[in-house]
Amino acid sequence: MTTLSAQTLVTGRLDLLPLRVGHAGEMAAVLSDPALHTFTGGAPESAADLRSRYRRLAEGSRDPAVVWLNWVIRLRAESCLTGYAQATLTGCVAEVAWVVGTAWQGRGIATEAARAVVGRLARPPVRAVVAHIHPGHHASAAVAAAAGLVRTDEEHDGEIRWRLAVAPGAPTA
């Protein structure tokens with residue numbers, strides 16, 4: 001079992017804050033555009049639905065071999081939430097994902113957040129960081145590349161697997 005947890009990550013413009021149930025109201029507005037679901041399916045969730053989901057996420061995985069790390073992305077200059085980043089650790093593999101609300105896209109927020117998350121995870125005990133990206137989602141592919149992940153030839157549920165191998169001797173600090 002890993003000791004990694006979703007601690008606050010700070011970048012030049014962003015605070016990645018551990019997800020809390022209290023973020024649901026603001027996040028419902030951030031994630032309200034149906035276009036955000038073009039590549040992932042589903043539909044925007046209400047604040048009540050997000051509260052319920054965030055409560056489950058905060059409780060953590062029931063499987064002791066799986067750790068969930070979830071952050072909301074806060075743009076400091078505007079003092080507002082703009083999206084989220086997440087990682088699921090299973091053994092020594094971290095699967096990462098990110099979503100930035102439509103109003104904040106095109107400003108490098110996803111890239112900055114993804115780099116922070118990958119930077120936090122790309123050290124032992126993690127041996128690989130992976131992301132699954134729809135082949136038509138070019139913006140997300142660019143974020144993955146900017147965060148150091150490399151496109152592979154592997155497909156999973158219609159998505160392309162991107163991967164960063166973590167060197168066994170990578171720094172742990």
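These figures come from a predicted structure and were not determined experimentally. In what follows, residues are counted from 1 in the order of the sequence shown. Keep in mind that the numbers below use all heavy atoms, side chains included, and drop hydrogens, waters and symmetry copies.
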To the nearest 0.5 Å, tell me how far [X] [atom1] sits from [Y] [atom2].
X: Glu95; Y: Arg163; atom1: CD; atom2: CZ; result: 10.5 Å
X: Leu50; Y: Glu45; atom1: CG; atom2: CD; result: 4.5 Å
X: Thr152; Y: Ile160; atom1: OG1; atom2: CD1; result: 7.0 Å
X: Ser46; Y: Arg53; atom1: OG; atom2: CZ; result: 10.5 Å

Contacts of Arg76 that satisfy salt bridge (charged side-chain N to carboxylate O under 4.0 Å, His left out) - sequence neighbours left out: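 In terms of salt bridge (charged side-chain N to carboxylate O under 4.0 Å, His left out), with neighbours along the sequence ignored, Arg76 is linked to Asp15.
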Sequence neighbours excluded, which residues qualify as salt bridge (charged side-chain N to carboxylate O under 4.0 Å, His left out) partners of Arg51?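 Salt bridge (charged side-chain N to carboxylate O under 4.0 Å, His left out) list for Arg51, sorted by chain: empty.
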Minimum heavy-atom distance Ala147-Val118, with the two atoms named: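 Minimum heavy-atom separation between Ala147 and Val118: O-CG1, 3.5 Å.
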So, are Arg107 and Glu78 salt-bridged, with charged N and O less than 4.0 Å apart?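 Answer for the salt bridge query: yes.
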Taking only Lys NZ, Arg NE, NH1 and NH2, and the carboxylate oxygens of Asp or Glu, determine whether Glu112 and Arg13 approach each other closer than 4.0 Å.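 Arg13 and Glu112: salt-bridged.
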Please answer whether the main-chain N or O of [Y] pairs with a side-chain N or O of [X] as donor and acceptor at a distance below 3.5 Å.
X: Arg74; Y: Leu17; result: no
X: Gln105; Y: Val100; result: yes
X: Arg127; Y: Arg123; result: no

Just so I know, are the side chains of [X] and [Y] near enough to count as touching, which here means a heavy-atom distance under 4.5 Å?
X: Leu16; Y: Val117; answer: yes
X: Leu75; Y: Leu14; answer: yes
X: Val96; Y: Val130; answer: no
X: His134; Y: Ser140; answer: no
X: Gln7; Y: Pro18; answer: no
X: Glu155; Y: Arg161; answer: no
X: Val30; Y: Trp104; answer: yes
X: Ile133; Y: Glu159; answer: no

Among residues at least two apart in sequence or on other chains, which ones pass side chain to side chain contact (heavy atoms under 4.5 Å, CB included) with Val66?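 Only Ser61, Asp63, Trp68, Thr88, Thr90 meet the side chain to side chain contact (heavy atoms under 4.5 Å, CB included) criterion with Val66.
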Cys80 vs Glu26, test: side chain to side chain contact (heavy atoms under 4.5 Å, CB included). Steps then yes/no. CA-CA 8 Å; Cys80 65; Glu26 187 174 355; 3.7 Å; yes
What's the verdict on side chain to side chain contact (heavy atoms under 4.5 Å, CB included) for Tyr54 and Arg56, showing C-alpha distance, side-chain angles and the deciding distance? CA-CA 5 Å; Tyr54 290 0; Arg56 286 190 307 275; over 6 Å; no
Please check if any side-chain donor atom of Trp98 sits under 3.5 Å from a side-chain acceptor atom of Thr111, or the reverse.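 Distance-only check fails for Trp98 and Thr111.
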Quick one: do Val72 and Leu57 end up in the same hydrophobic cluster if we chain Ile, Leu, Val, Met, Phe, Trp and Tyr together by side-chain heavy atoms under 4.5 Å apart?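 Same hydrophobic cluster.
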Consider only side-chain heavy atoms of I, L, V, M, F, W and Y, link residues closer than 4.5 Å, and tell whether Tyr84 and Phe39 are in one cluster.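 The answer is no; the residues belong to distinct hydrophobic clusters.
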Walk me through it: do Trp71 and Leu9 pass the test side chain to side chain contact (heavy atoms under 4.5 Å, CB included)? CA-CA 9 Å; Trp71 296 268; Leu9 304 175; 4.0 Å; yes
Would you check, one step at a time, whether the test side chain to side chain contact (heavy atoms under 4.5 Å, CB included) holds for Ile109 with Ile73? CA-CA 8 Å; Ile109 292 170; Ile73 303 167; 3.8 Å; yes
